[in-house]
Amino acid sequence: MRLGLALGYWGRGPSPGHVELAREAERLGYDSVWTAESWGSDAFTPLTWIAAHTSTIGLGTAVAQMAARSPTTTAMHALTLDHLSGGRMTLGLGLSGPQVVEGWYGRPFPASPLTATREYVDVVRQVLRREGPVELDGRFHPHPYRGADGTGLGKPLKPITHPLRAGLPVLLGAEGPRNVAQTARIADGWLPLYWSPDRPDAYGPAVADLPEGFRVAPMARVRVCDDLAEGLLPVKAMLGFYIGGMGHARRNFHADLMARMGYEEEARRIQELFLAGRREEAVLAVPDAFADEISLVGPRERIAERLERWRAGPVTDLLVLTPDPHTLRVLAELNS
């Protein structure tokens with residue numbers, strides 16, 4: 001099982017320690033470093049900055065949001081950074097949800113998310129392969145555009161720049177069983193959310209029959225500490241926000257996933273509290289047991305024991321979310 005460093009997205013402003021943390025991860029033998037985006041900082045610019053300050057560590061987006069860019073724009077970002085970094089780029093994509101797609105990006109959430117994702121990946125792969133002009137008679141991502149409100153002058157184009165790698169890896173964030181099954185068919189890997197080594201069935205039957213060489217790269221908060229309850233608080237804070245606020249009360253994929261993992265009543269209670277403005281109560285309503293099973297928190301010995309359960313399943317890459325260099329070092333030692 002490879003280790004990656006997950007840096008997430010910025011909060012109020014740039015995170016000054018990210019470059020040094022990435023350099024420390026590279027020194028420790030971590031395989032990759034990953035950035036994200038929500039509705040603030042973007043995923044590609046910080047990753048490019050990190051690429052300029054490192055030399056060997058892989059670079060990934062976990063995730064870049066599909067609604068933020070057309071598929072050809074995303075492919076341009078990926079092929080450009082792949083060239084500048086000497087072939088270190090991995091493209092992780094996610095669809096996000098209706099609240100973000102319509103509220104932040106100002107476009108409709110696709111009526112058929114699976115079709116929209118499949119078309120998006122198809123166009124990205126066409127750009128990266130550069131075998132001919134990009135053409136797709138798609139419902140959501142037609143190339144060229146032939147809608148009634150167009151000029152009719154669109155021309156199929158092939159990228160001017162020759163991509164460094166036609167097979168640049170494309171990974172997808174997916175939560176629902178049908179989405180996970182499609183991801184196994186069309187992508188090079190999967191970025192699960194809230195992975196529990198004890199509940200792979202929550203993602204559907206496809207997890208039991210993944211293709212050979214397929215990457216499974218969940219993100220997990222890791223912290224070496226003596227006080228388990230204190231160490232779980234950041235995990236619970238994250239869950240309170242995602243379960244309670246990252247989606248609408250009627251359509252929240254994160255809450256639905258928590259429900260499938262056996263915490264339906266708790267998920268709805270977290271939503272209820274968060275949407276009522278009682279955010280601290282929402283965080284405290286997150287069960288310690290749920291926060292614990294999707295993270296690696298506690299003394300070194302406890303983390304070592306629990307790490308074996310992550311290794312025993314389909315996980316190929318553990319993306320470690322921590323701001324602590326000591327925790328990075330301990331995990332590198334335990335995984336060696």
Colleague: Test question: given the 4.5 Å side-chain rule for I, L, V, M, F, W and Y, name all other residues clustered with L321, or answer none.
Modeller: W34, V63, L171, L191, M219, L319
Colleague: Between atom OG of S15 and atom OH of Y9, what is the distance when rounded to the nearest 0.5 Å?
Modeller: 11.5 Å
Colleague: How about T73 and S70: does a side-chain donor come under 3.5 Å of a side-chain acceptor?
Modeller: yes
Colleague: One pair to check against side chain to side chain contact (heavy atoms under 4.5 Å, CB included): L79 and L168. What are the steps and the verdict?
Modeller: CA-CA 8 Å; L79 73 85; L168 187 153; 5.5 Å; no
Colleague: Does E102 use its side chain to pair, donor to acceptor, with the backbone of P108 at less than 3.5 Å?
Modeller: no
Colleague: Indicate whether any N or O donor in one side chain lies under 3.5 Å from an N or O acceptor in the other, for H53 and R23.
Modeller: no
Colleague: Scan side-chain atoms only and decide if E26 and T56 contain a donor-acceptor pair under the 3.5 Å cut-off.
Modeller: yes
Colleague: Please step through side-chain hydrogen bond (donor to acceptor under 3.5 Å, both in side chains) for the pair N335 and R2, ending with a clear verdict.
Modeller: CA-CA 8 Å; N335 196 56; R2 296 178 292 263; over 6 Å; no
Colleague: Can a salt bridge be assigned to the pair K236 and D288 using a cut-off of 4.0 Å between side-chain N and carboxylate O?
Modeller: yes
Colleague: Does the D82 side chain pair with the main chain of M89, one donor and one acceptor, at a distance under 3.5 Å?
Modeller: yes
Colleague: So, R215 and D188, do they make that salt bridge, N to O below 4.0 Å?
Modeller: no
Colleague: Side chain to side chain contact (heavy atoms under 4.5 Å, CB included) for K158 and V134? Distances and angles first, verdict last.
Modeller: CA-CA 6 Å; K158 185 165 67 171; V134 176; over 6 Å; no
Colleague: Does a salt bridge link E308 with R311, judged by any charged N lying under 4.0 Å from a carboxylate O?
Modeller: yes
Colleague: With a 3.5 Å distance limit and no angle check, can you tell me whether T316 reaches the backbone of M1 through a side-chain donor-acceptor pair?
Modeller: no
Colleague: Could you tell me whether R278 and E272 have a side-chain N and a carboxylate O separated by less than 4.0 Å?
Modeller: no
Colleague: Once you round to the nearest 0.5 Å, how far does CG of D137 lie from CZ of R146?
Modeller: 7.0 Å
Colleague: Check the pair R27 / E24 against salt bridge (charged side-chain N to carboxylate O under 4.0 Å, His left out), numbers first and verdict last.
Modeller: CA-CA 5 Å; R27 190 188 68 78; E24 176 67 1; 2.9 Å; yes
Colleague: Using a distance-only test with no angle check, is there a side-chain donor-acceptor pair under 3.5 angstrom linking Y105 and Q65?
Modeller: yes
Colleague: Going by an N to O cut-off under 4.0 Å, is there a salt bridge joining E333 and R300?
Modeller: yes
Colleague: Looking only at side chains, do D122 and Q126 share a donor and an acceptor under 3.5 Å apart?
Modeller: yes
Colleague: Residues two or more places apart in sequence or in another chain: which of them pass ring-ring contact (aromatic ring centres under 6.0 Å, His included) with Y120?
Modeller: H141
Colleague: Look at R302 together with D226 and state whether they make a salt bridge at an N to O cut-off of under 4.0 Å.
Modeller: no
Colleague: Rounded to the nearest 0.5 Å, what separation is found between the CZ atom of R185 and the CG atom of L172?
Modeller: 11.5 Å
